[in-house]
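Comments concern the structure below.
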Amino acid sequence: MLVIRPLESRDLDDLYAMAQNAGKGLTTLPADRDLLERKIHLARDTFNQRCAPEAGLYLFALEDITTRKAVGISGIQARVGLDEVFYNYRLSVTVNASKELGVHVRTPTLHLSNDMTDTSEICSLLLSDDYKGGGNGLLLSRCRFMYLDEFRKHFSDKVFAEMRGVSDSNGQSPLWDALGSKFFDMEFSQADVLSGLGNKAFIAELMPKYPIYLPMLPESARAVVGKVHNNTAPALKMLQAEGFNFNGLVDIFDGGPVVEAFIHNIRTVRESVNRHAMVTRKPIDLEVPVSERAMVSNRSFQDFRVATIPMNCVDPDTVKLPPEVAEALRIESGDPVRLAPLKDSGPWAGHHYRERNIQYREVR
Amino acid sequence: MLVIRPLESRDLDDLYAMAQNAGKGLTTLPADRDLLERKIHLARDTFNQRCAPEAGLYLFALEDITTRKAVGISGIQARVGLDEVFYNYRLSVTVNASKELGVHVRTPTLHLSNDMTDTSEICSLLLSDDYKGGGNGLLLSRCRFMYLDEFRKHFSDKVFAEMRGVSDSNGQSPLWDALGSKFFDMEFSQADVLSGLGNKAFIAELMPKYPIYLPMLPESARAVVGKVHNNTAPALKMLQAEGFNFNGLVDIFDGGPVVEAFIHNIRTVRESVNRHAMVTRKPIDLEVPVSERAMVSNRSFQDFRVATIPMNCVDPDTVKLPPEVAEALRIESGDPVRLAPLKDSGPWAGHHYRERNIQYREVR
Amino acid sequence: MWLVRPARPDDLDQILDIAGAQCARLSSTLPRQSEALARKIEHSLASFRGDTLDGEPPRFLFVLENTDTGGVDGTAAIDARAGNGQPFYNYRRDALIHASHELGVSRRVEVLYPSHGLTDHTLLCSFSIRNELRDTNAFELLSRSRLLFIAEHREWFSSRVVVEIQGVQTETGNVPFWDSLGRHFFNMDFETADQYSGMLSKTFIAELMPPNPVYVTLLSLAAQKALGQAHQLTLPNLELLKREGFQAGSYLDIFDAGPVLEARTDTLHTVVTSRRKTLHASHEDSGDVCLISAGDGEGFRCTLTPVAESLDDQLKVPVKTWQILGKTAGDPVRIAPL
Amino acid sequence: MWLVRPARPDDLDQILDIAGAQCARLSSTLPRQSEALARKIEHSLASFRGDTLDGEPPRFLFVLENTDTGGVDGTAAIDARAGNGQPFYNYRRDALIHASHELGVSRRVEVLYPSHGLTDHTLLCSFSIRNELRDTNAFELLSRSRLLFIAEHREWFSSRVVVEIQGVQTETGNVPFWDSLGRHFFNMDFETADQYSGMLSKTFIAELMPPNPVYVTLLSLAAQKALGQAHQLTLPNLELLKREGFQAGSYLDIFDAGPVLEARTDTLHTVVTSRRKTLHASHEDSGDVCLISAGDGEGFRCTLTPVAESLDDQLKVPVKTWQILGKTAGDPVRIAPL
């Protein structure tokens, strides 16, 4: 059985191994042991409330209960751009028109932007190859929305994700070649790593400050602005299904899109419900198809845990949990839990879950 | 009884009278007979499909059936910025930070933007004083969302509204005084009128092209950026209840905010359902409180009509309509109609409407 | 003989003929449409009279006449105020230095800033001459006659004079700078834009020009190479202007990135070296050939003449020069060496 | 007698003393911290020897010594390359013309562009002198000695020389331009920013300076009035520099909007009028007082001397001048009139 829980110090080796296998393109989790250790410390400080919740880095591990190994990680940065400056390009349009001449031209234009400053970011998703499939990626990603919802006051109203942009098999980025490389005297990978290490003064120093008119870039570069890397397409699709939309911002190096959603509009948040746990000795088959599973979480800030159960365990006021799930979540009968469908499958078909429990959680 | 219907040529006098009473601040409907006549013509061409639906101006009248007078108007511009350039300021943030010095400064900054180009705008809302209250304003505004939903292919995915910004009782705008007046050699009202008349070359010629750092403006001007005029506050609240959010753009003259929503996220759209009309001779009391009323519309592009009925007329598959409503909508028994609550009142309490008919209309 | 004089309405057809035969850039100041040109001539004549038309600043249009045939073989003009009361558009080429101390990286980043910095300077423009005259004294006469006019009517002009030199154009007529930048925004070919620029108010430039500075490194290589480069055809004129003291500064033409030459009016070679003299007769038809001008405003005439003797304020030239200038003994003239 | 010579490590305390007594702007080039100053002196001495330290361009620091007391009464410096290998920040003041043909409206819109256009020009800086010497020849000696040094070591310097002049500051110490612009972005008071500017790499300016051009019309009126205006205290120096041929161009200091003076190195009055001569003895202690310098690199000395006779390349001055210069008969010197 797999369970989501806060990242712990003992996860360093597992994390390092995962980062090594992930290779390039994951700038927030480079295979740098010291850096990973610092990140774990920061996460521990966050969960233990040794730093302000708004300044925290919330990293979750996906643990295989049987082996006690971390097989996946995902995170939430409570606020970006607090210490360092957080840069994006805004993909905007410049319109020039002359009625006299009957000319009307729209020029896509990149404006340097710091507009994500002070916003919560979901980041650092990484899943061990052996565990891909079976809804584990969904769990790893979506558990964060349950946490965001539960502790909404620590996060911004809006949450965003930066999607990896297009690069070829050698790690060359067409946008970097056409734009970044003209201003930064370095390789794309070096700039990406420097930026990932949180060393961003060089961006302020070297970055072009005036808008970039896209028609001046070659077609190969224009084509990738706002586009995701093939490997990232499934992640993007998942976020779009959650209600995330492209917000017009792209990565300054590779042009990958930023997608965002108001927390109250995220599907997992909208569709989540509260129940009381009822631990049952009756056998429950946990191995149901992904589409019939629900995420179930405890409601702890310090020791947030999420597992999956069959949807038909959900009753009008309670939810039936097998003892091992209750144990994994560190709860007992009567404790409040939160539930949300693991997979988006349209209106909830054929479950108790559905009949009386749709909640409108609109927040203004 | 009141009904929404397309604006017609015979409405010119009523419209002119309303525009005269509205006074300043309504730049899209100035009390200029020629201009209003041109607008009506454009609207007629739009409904009669004599112009491309994407280039259309959809103006609706609220008609008092008994007097046959137009007592309100509201509209949708299918696309802005097609002929003229459409300008806003984007309220952005510039972050400057130096780790070495421990300095981190956020500077709100206005960037000239044409980003609303090619987007649908809801506009031109005007209601005769005698008819204010009783949900007429809601009907006049929300009927547009039913139309947008019904003919979604003619409109952009996103729709926006420009809210009137702050000005004092003399029509003086603090933002104009601090910013616009330094670049335009004219009065605020003159600039506003010129802009409303669609004469925007002067903006391209006179407008500052570089970003404006807000801290350089006096407090009185900074305070009104993104703020609405007191008179417009109720309209803003209504749109927010529909799911509209401030999108970071403001009016270049008075700083009023632009709010936007994806059509599929608009509450009226999300909560609307289809039924078949069942004209009934049984007496129905139409005079129920606003919170118990639903909008009901026919599904015609050319002759779109909307009235209100008590919510309890809505049955699982049909809706009961008294003959006068059916006539106002130009429909008969068996015709398809669309329904949406007139007022947002949380989850639909105690009506047939509710039980089986919540639809998820998420569109990706 | 060659005579430079103010253009007259009856020169219109011949001017159109010359304008049509010239390469594109001329059109930005010399319209190819007969109505527009007629209006320009009218405005020029008013300017020579010291009047203004519609409150516009003075603009002077000269023609080169072959007095033997009466034919017009060239044109040249002065706009007293570049922009003629509207902004005069250029790019100003400047560099920023993007350097990171920590990374030890330093890079010179060239930027083109939209600029109106030359607005209201005096502008030499509309220079055109029949090809067969390019290597003759007539070429120098036509170009420099304007400077004699400025010297004689100094108060009508600004303290600085500028000249836009046509930029690089390929043999197939492509303008690399335009293709890399302007075309994207104006959505028309170079020649069309250039003609509009001559005919219309400059509103369309304010409307269509990219509103922000442009990074040179993002231009095509051909466009980068063309920055500040003069068209091959303009080299004789360029040489002549440089001898007058014109220098290329940091301003470039917004359409083709040709250089804009600048000079202080009071240090122009012709302004400094020309002298006022009194006309006297010479019975010989020999001597050094000089430029000579006479006449105020619309009576202005400039020609080439052999100078027999030039002592103090007396100048002896052949009587046929008097005739061309429309002057007689004792009249004041202005003389400058070739 | 007054002597200008390269600063030495043992001058450190006296230099700190002078720097401390000066108004704020000095600090941007002359550090008030003893370690930073010691390093600067070390770098200066290497520069005088023709060496470079850490690959930085040469920077020369001079002191004014009272040879009677051995005391140091002033400082002056030359940075061979403004910015010292990093960007040299200024605002460039320019105007755009916003005009609408249709509305008949035209407005001159002044803009301050961030600029590195003066980077690598030679910079005169760190000028400080005890107050009681402000109206004496020592003032002129200290300032102009640098130009004699430049004349003597022309190849070390650029073709253009610039000087930043301190801008307007109120009696209460407020800097109107800073208060209207810089303060919002740097989040510190003027003096702090100015001191950082002297001590740190210029990275913090790249990080904190507003990245886009600024409209003058949005500055406070006091800040607008201060653009390009010199501080009252700098007027004597300003006068002297103008006599040398310096002119204020379009560049302003980014912190206080003081003017930046510019000149071509080869047309500086002292560079043009100074002459190399051979030292000879005069037995009189009279004659016109002139500037005289001698010695290469770290041996450079400059003082004031009466000149008894100056014929061809021979210069007769009192022997005590020889002593101050550390030179003897037949040695080459450079002389310039006051």
Side-chain angles (χ1 to χ4, degrees), chain B residues 84 89-90 92-112 175-187 190-191 193-195 197-222 225 252, chain D residues 91-92 94-114 176-189 192-197 199-224 254:
Chain B
E84 293 290 347
Y89 274 126
R90 178 176 293 284
S92 196
V93 66
T94 302
V95 181
N96 293 97
S98 170
K99 262 200 167 169
E100 197 175 5
L101 305 191
V103 174
H104 187 99
V105 180
R106 299 178 197 176
T107 307
T109 308
L110 299 177
H111 290 270
L112 200 57
L175 188 68
W176 174 265
D177 290 346
L179 181 55
S181 71
K182 313 258 184 190
F183 294 92
F184 295 83
D185 247 335
M186 59 186 82
E187 289 291 307
Q190 192 192 351
V193 165
L194 279 173
S195 168
L197 293 175
N199 180 349
K200 296 194 174 176
F202 81 100
I203 300 180
E205 293 171 317
L206 301 180
M207 193 77 192
K209 307 296 187 298
Y210 295 121
I212 304 297
Y213 298 115
L214 274 187
M216 296 180 64
L217 302 186
E219 169 57 26
S220 58
R222 297 200 303 270
V225 172
I252 54 170
Chain D
Y91 277 119
R92 203 180 54 76
D94 203 348
L96 293 169
I97 295 175
H98 287 196
S100 170
H101 188 59
E102 195 171 343
L103 303 184
V105 173
S106 179
R107 184 159 273 218
R108 190 182 149 84
V109 176
E110 284 203 280
V111 181
L112 303 182
Y113 292 97
F177 183 71
W178 178 260
D179 290 342
S180 183
L181 181 59
R183 174 189 296 277
H184 301 308
F185 293 89
F186 287 76
N187 202 25
M188 57 187 75
D189 62 27
T192 310
D194 203 44
Q195 284 187 38
Y196 281 140
S197 171
M199 284 158 45
L200 304 169
S201 85
K202 298 298 168 74
T203 296
F204 86 101
I205 299 182
E207 288 174 323
L208 297 181
M209 191 172 165
N212 274 287
V214 169
Y215 290 104
V216 167
T217 183
L218 301 181
L219 296 172
S220 71
L221 287 178
Q224 293 185 39
I254 59 165

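Side chains are part of it too, since the values below use all heavy atoms of this structure and drop only hydrogens, waters and symmetry mates.
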| task | Run through D94(D), L96(D), L219(D), V216(D) and flag the one making a side chain to side chain contact (heavy atoms under 4.5 Å, CB included) with E110(D). | result | V216(D)
| message | So K182(B) and L218(D), do their side chains get closer than 4.5 Å, heavy atoms only? | response |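 Side-chain contact under 4.5 Å: yes.
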| Contact check, side chains of T109(B) and N212(D), non-hydrogen atoms, under 4.5 Å | no
Using a 4.5 angstrom heavy-atom cutoff, name the option from [options] with the most pairs to chain B.
| options | result |
| --- | --- |
| S180(D), A206(D), P210(D) | P210(D) |
| T217(D), I97(D), L208(D), L181(D) | L208(D) |
| M188(D), M209(D), R183(D), H98(D) | H98(D) |

| query | Mind checking whether F186(D) and Y196(D) have ring centres under 6.0 Å apart? | reply |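 So the answer is no for these two rings.
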| query | What residues form a salt bridge (Lys or Arg N to Asp or Glu O under 4.0 Å) with R107(D), not counting sequence neighbours? | reply |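 So R107(D) forms a salt bridge (Lys or Arg N to Asp or Glu O under 4.0 Å) with D185(B).
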| query | For D177(B), what residues pass the salt bridge (Lys or Arg N to Asp or Glu O under 4.0 Å) criterion, not counting sequence neighbours? | reply | none
Using non-hydrogen atoms and a 4.5 Å limit, figure out which bit of [X] sits close to chain D: side chain, backbone, both or neither.
| X | answer |
| --- | --- |
| Y210(B) | both |
| L206(B) | both |
| M207(B) | backbone |
| A178(B) | backbone |

| Measuring heavy-atom distances to chain B, does T192(D) have an atom under 4.5 Å in its side chain, in its backbone, in both, or in neither? |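 It is neither, since no heavy atom gets under 4.5 Å.
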